Amino acid sequence: MAAAIYAGSFDPITNGHLAIIRAGLVAFDRIIVAVLTNPTKSPLFSIEERIAMIEDEFAEDRRVEADCFEGGLLVEYARSKGVNVVLRGLRAVGDFDSELQMATMNRNLAPDVVTVFIMANDYFFVSSTLIKEVASLGGDLTGVVPERVQQRLAVKMAPRAATG
Ligand code: ADP
């Protein structure tokens, strides 16, 4: 059974991520969405919240599993899961340099682990960082993030708006 790891911060998951996962399911039987606990970034949502948001979107689809990836080498994490494909999304030329670097380094570390890229389509302009910025300014994110994520963003931003 062909499986892939799709790792990232997912703070929060966006329709761009969902499009990559859905496209990935055309090629893979199973996708593990690995939520990175990066201590150098201060996330808006906790790991539990980020995992819950992913699970909400795939409650009916057992091919997608959300997991927590607590740092270390991604290729080691993939191996520990018995998976040898890393799935990545490519948005724009800007993504290319760092993705090429990372994929090449991972290939050096683990030649048995392959990185597969899927090109972004409708959501090429969407990043979690931009989503958080727009949400903090009260912008409407309909169609850009799932409805439940939009609701969670509103709850997170409400105390900030109150304190200015
Ligand atoms: P990171 O914290 O490494 O930026 P993200 O959680 O933002 O990770 O993204 C994880 C993966 O999803 C990366 O491969 C990234 O390029 C891809 N990705 C993020 N947003 C989009 C999008 N809108 N369309 C396609 N791919 C995306």
Side-chain angles (χ1 to χ4, degrees), residues 2-28 30-58 61 63-78 81 83-107 109-110 113-136 139-150 152-153 156:
I5 301 275
Y6 181 45
S9 306
F10 306 108
D11 184 39
I13 191 156
T14 69
N15 285 352
H17 296 126
L18 293 180
I20 295 296
I21 297 169
R22 295 206 171 105
L25 286 170
V26 174
F28 301 101
R30 190 164 68 93
I31 295 181
I32 300 173
V33 184
V35 181
L36 191 65
T37 57
N38 187 343
T40 61
K41 283 188 184 175
S42 50
L44 178 64
F45 292 99
S46 69
I47 278 285
E48 292 75 19
E49 289 171 315
R50 285 181 270 160
I51 287 183
M53 285 186 275
I54 297 163
E55 287 177 344
D56 277 349
E57 297 312 308
F58 294 98
D61 196 338
R63 294 174 299 170
V64 179
E65 175 195 326
D67 190 31
C68 162
F69 164 43
E70 300 189 24
L73 291 174
L74 180 61
V75 288
E76 290 301 337
Y77 169 79
K81 292 279 165 185
V83 173
N84 59 359
V85 177
V86 169
L87 180 65
R88 303 287 297 168
L90 264 190
R91 274 164 293 195
V93 190
D95 278 348
F96 186 82
D97 277 354
S98 57
E99 291 290 346
L100 175 67
Q101 236 180 349
M102 202 154 45
T104 310
M105 178 55 85
N106 281 340
R107 194 171 57 226
L109 293 166
V113 178
V114 173
T115 304
V116 169
F117 292 97
I118 291 180
M119 299 291 254
N121 45 27
D122 298 353
Y123 301 103
F124 70 91
F125 63 97
V126 178
S127 71
S128 298
T129 305
L130 188 55
I131 292 299
K132 285 179 277 192
E133 198 176 325
V134 172
S136 74
D140 183 6
L141 290 166
T142 307
V144 184
V145 295
E147 211 173 300
R148 281 174 288 237
V149 171
Q150 213 179 338
R152 283 181 186 258
L153 277 166
K156 282 274 179 202

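As the structure is a computational prediction, the values presented were derived from the model and not from experiment. Values reported hereafter were calculated over all heavy atoms of this structure, with side chains retained and with hydrogens, waters and symmetry mates removed. In listed order, ligands and their atoms are each counted from 1.
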Notebook entry, point to check: Residues two or more places apart in sequence or in another chain: which of them pass side-chain hydrogen bond (donor to acceptor under 3.5 Å, both in side chains) with D61?
Noted result: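 Listed in chain order: R63.
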Checklist line | Contact residues of ligand 1 (heavy atom under 4.0 Å), by chain and number | finding: Y6, A7, G8, S9, F10, G16, H17, I20, K41, R88, G89, R91, D95, E99, A120, Y123, V126
Check: So, the side chain of T14 versus the backbone of S127: is there a donor-acceptor pair under 3.5 Å, distance only?
Finding: no
Checklist line | Nearest heavy atoms of R50 and F45, plus distance in Å | finding: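 Looking at all heavy atoms of both residues, the shortest contact is NE-O, 3.0 Å.
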Check: If every non-hydrogen atom of L44 is compared with every non-hydrogen atom of E49, which pair is closest and at what distance?
Finding: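 Closest approach of L44 to E49: O-OE1, 4.4 Å.
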Next item on the list: Scan for salt bridge (charged side-chain N to carboxylate O under 4.0 Å, His left out) pairs involving residues 85-95, sequence neighbours excluded, and state none if there are none.
Entry: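 Salt bridge (charged side-chain N to carboxylate O under 4.0 Å, His left out) check on residues 85-95 returns R88-E99, R91-D95.
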Notebook entry, point to check: Looking at residues at least two apart in the chain, or sitting in another chain, which of them share a side-chain contact (heavy atoms from CB on, under 4.5 Å) with A4?
Noted result: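 So A4 forms a side-chain contact (heavy atoms from CB on, under 4.5 Å) with F28, V85, L87.
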